[in-house]
S.K.: 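One structure coming up, written as structure tokens, with questions to follow.
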Amino acid sequence: MSLHTSPPQPSVPPVEPPASPESHIAHILIVEDDPEICGLLQRYLKRLGYQVSTAVTLPEVMAAQQTTPVDLTLLDLMLPQEDGQTICRHLRQFSDTRIIMLSALNDLRDRISGLDLGADDYISKPFDLEELAARIRAVLRRTTSPLPLPPADQTLQYRFDNWLFEPAKRALYGQTGIRIALTGSETDLLLIFCQNAQRVFPREELLARMHGEEKNVDSRAIDLLISRLRRKLSRQGRQLELIRTIRGDGYIFDPDTLRS
């Protein structure tokens with residue numbers, strides 16, 4: 001089913017969105033300035049059982065986030081006012097919403113740039129609606145089925161090299177006590193490292209742990225995620241050697257001290 005078809009009539013039964021133990025219905029925000037595409041996506045996603053809102057500008061995105069927590073944002077890159085990258089950068093400063101970027105730009109550098117800003121996935125236009133639905137389900141599974149924490153997950157803390165990491169809050173605290181917000185993916189990756197300090201992880205194993213059996217995951221996704229995490233673990237702009245690259249083997253988390 002193509003994005004450019006008439007209003008969709010899915011040939012498969014509607015798929016219920018992943019639900020939390022409280023039967024939460026996922027809220028999807030569509031940020032798209034083309035009325036035809038926006039309307040088509042809105043109708044299709046509502047048929048699948050999602051709660052759907054729309055926005056075009058940054059103030060509208062902010063208003064939607066404040067009205068009802070947004071689980072996933074479908075973000076077009078080419079917008080009439082603030083571009084999608086600007087909105088993505090802003091969202092990552094205050095929101096844990098999952099982000100799938102939509103763009104007619106299919107250059108590798110554009111995809112890398114989007115993922116590096118904190119997007120969870122990137123889909124080029126035109127795309128198939130059923131593929132988009134599958135990508136949405138996959139991204140939401142990472143939200144509703146996070147990596148398992150020990151029983152005391154709400155109070156679990158890791159301290160290393162003057163950092164405090166609280167997985168339940170998706171937060172890092174440095175010596176100054178200022179909170180650095182982490183995305184869901186960054187939290188999951190740092191938790192893997194803290195639970196397996198001094199162990200070398202091949203890239204393929206990290207991909208499997210982070211994405212399970214998902215298909216079409218960019219092989220550079222882990223590299224970009226580690227690059228983002230390294231920047232957040234920097235001091236005064238200087239990156240620390242906490243996550244080291246072992247050439248030909250993968251990555252290792254190597255703090256001087258680690259305690260939980």
Side-chain angles (χ1 to χ4, degrees), residues 70-73 75 77 83-101 103 107-123 135 138-140 142-143 146-147 158 160-174 176 178-197 200-212 214 216-247 250-255:
V70 174
D71 299 287
L72 185 144
T73 299
L75 179 59
L77 284 183
D83 60 52
Q85 291 190 350
T86 299
I87 292 177
C88 180
R89 191 179 296 110
H90 190 85
L91 281 173
R92 280 294 169 249
Q93 293 176 3
F94 73 91
S95 173
D96 290 328
T97 181
R98 299 292 188 173
I99 298 173
I100 297 180
M101 285 187 169
S103 178
D107 186 83
L108 177 61
R109 288 171 296 181
D110 295 314
R111 296 200 302 272
I112 291 173
S113 177
L115 294 170
D116 203 23
L117 283 172
D120 296 276
D121 204 348
Y122 186 110
I123 301 179
R135 298 281 192 101
V139 169
L140 287 175
R142 292 180 233 159
T143 306
L147 292 174
Y158 290 95
F160 54 89
D161 294 42
N162 297 315
W163 289 98
L164 170 62
F165 170 44
E166 296 188 346
K169 295 181 180 179
R170 296 185 179 181
L172 272 172
Y173 300 89
T176 61
I178 296 176
R179 173 176 174 166
I180 300 173
L182 301 175
T183 66
S185 296
E186 290 164 352
T187 300
D188 290 347
L189 181 60
L190 186 54
L191 181 59
I192 290 172
F193 281 139
C194 285
Q195 291 175 336
N196 300 274
V200 177
F201 277 98
R203 180 186 286 105
E204 293 74 18
E205 183 174 350
L206 288 174
L207 275 170
R209 283 181 177 243
M210 295 293 296
H211 299 282
E214 292 178 36
N216 302 317
V217 177
D218 192 324
S219 62
R220 291 201 54 185
I222 288 296
D223 302 329
L224 296 170
L225 185 57
I226 285 176
S227 176
R228 277 163 36 198
L229 195 53
R230 280 173 169 164
R231 285 199 295 272
K232 292 189 176 181
L233 287 168
S234 64
R235 289 204 189 105
Q236 297 178 338
R238 182 174 62 87
Q239 291 193 13
L240 310 176
E241 289 296 320
L242 289 171
I243 304 173
R244 295 194 291 113
T245 301
I246 307 299
R247 190 173 298 277
Y251 297 99
I252 184 172
F253 182 58
D254 188 22

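We number each residue from 1, following the sequence as shown. Atoms considered below: every heavy atom in the structure, side chains included; atoms not considered: hydrogens, waters and symmetry mates. Since this is a predicted model, take the numbers as computed values, not measurements.
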S.K.: Name all residues meeting the side chain to side chain contact (heavy atoms under 4.5 Å, CB included) criterion together with D83; count only those two or more places apart in sequence or in a different chain, and write none if there are none.
M.R.: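 So D83 forms a side chain to side chain contact (heavy atoms under 4.5 Å, CB included) with Q85, T86.
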S.K.: Restricting to side chain to side chain contact (heavy atoms under 4.5 Å, CB included), what partner residues turn up for E205, sequence neighbours left out?
M.R.: R199, F201, P202, R209
S.K.: Drop me the distance from L164's CG to L172's CG, to the nearest 0.5 angstrom.
M.R.: 8.0 Å
S.K.: If you look at every heavy atom in M101 and A119, which pair is closest and at what distance?
M.R.: CG-CB, 3.9 Å
S.K.: What's the shortest heavy-atom distance between A197 and P255, and which atoms?
M.R.: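 Smallest heavy-atom distance, with atoms named: CB-CD, 4.4 Å.
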S.K.: R231 and S227: side-chain donor and acceptor closer than 3.5 Å?
M.R.: yes
S.K.: With side-chain contact (heavy atoms from CB on, under 4.5 Å) as the test, would you mind laying out the steps for V139 and I99 before giving the verdict?
M.R.: CA-CA 9 Å; V139 169; I99 298 173; over 6 Å; no
S.K.: Hey, could you give me the CG/CD1 distance between L75 and I123, rounded to the nearest 0.5 Å?
M.R.: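 Interatomic distance, L75 CG to I123 CD1, rounded to 0.5 Å: 12.0 Å.
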S.K.: Assign the ring pair F253 / F160 to parallel, tilted or perpendicular, where the plane angle (0 to 90°) is split at 30° and 60°.
M.R.: perpendicular
S.K.: Can you tell me how far the CZ atom of R179 sits from the CD atom of E166, to the nearest 0.5 Å?
M.R.: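 The CZ atom of R179 sits 8.0 Å away from the CD atom of E166.
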S.K.: Do L242 and W163 have side chains that get closer than 4.5 Å, going by heavy atoms?
M.R.: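 Answer yes - side chains close enough.
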S.K.: Can you name the closest pair of heavy atoms from T97 and D120 and give their distance?
M.R.: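 Scanning both residues completely, I find the closest heavy atoms to be O-OD2, 4.4 Å.
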S.K.: I need the minimum non-hydrogen distance between G250 and V200, along with the two atoms involved.
M.R.: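 Nearest heavy atoms, G250 then V200: N-CG1, 4.4 Å.
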S.K.: State the OG1-CG distance between T187 and L182, to the nearest 0.5 angstrom.
M.R.: 4.5 Å
S.K.: Please report the closest heavy-atom contact between L206 and F193, naming both atoms and the distance.
M.R.: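 Looking at all heavy atoms of both residues, the shortest contact is CD1-CZ, 4.2 Å.
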S.K.: Quick one: does L190's side chain get under 4.5 Å of Y158's, heavy atoms only?
M.R.: no
S.K.: Does any non-hydrogen side-chain atom of I180 lie less than 4.5 Å from one of L233?
M.R.: no
S.K.: Compare every heavy atom of C194 with every heavy atom of F165, then report the nearest pair and how far apart it is.
M.R.: CD2-SG, 3.9 Å
S.K.: Can you tell which of R228, R170, R230 makes a salt bridge (charged side-chain N to carboxylate O under 4.0 Å, His left out) with E186?
M.R.: R228
S.K.: Below 4.5 Å, heavy atoms only, C-beta onward: do Y251 and T245 meet side chain to side chain?
M.R.: yes
S.K.: Between CG of D121 and CZ of R98, what distance do you get to the nearest 0.5 Å?
M.R.: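 The CG atom of D121 sits 11.0 Å away from the CZ atom of R98.
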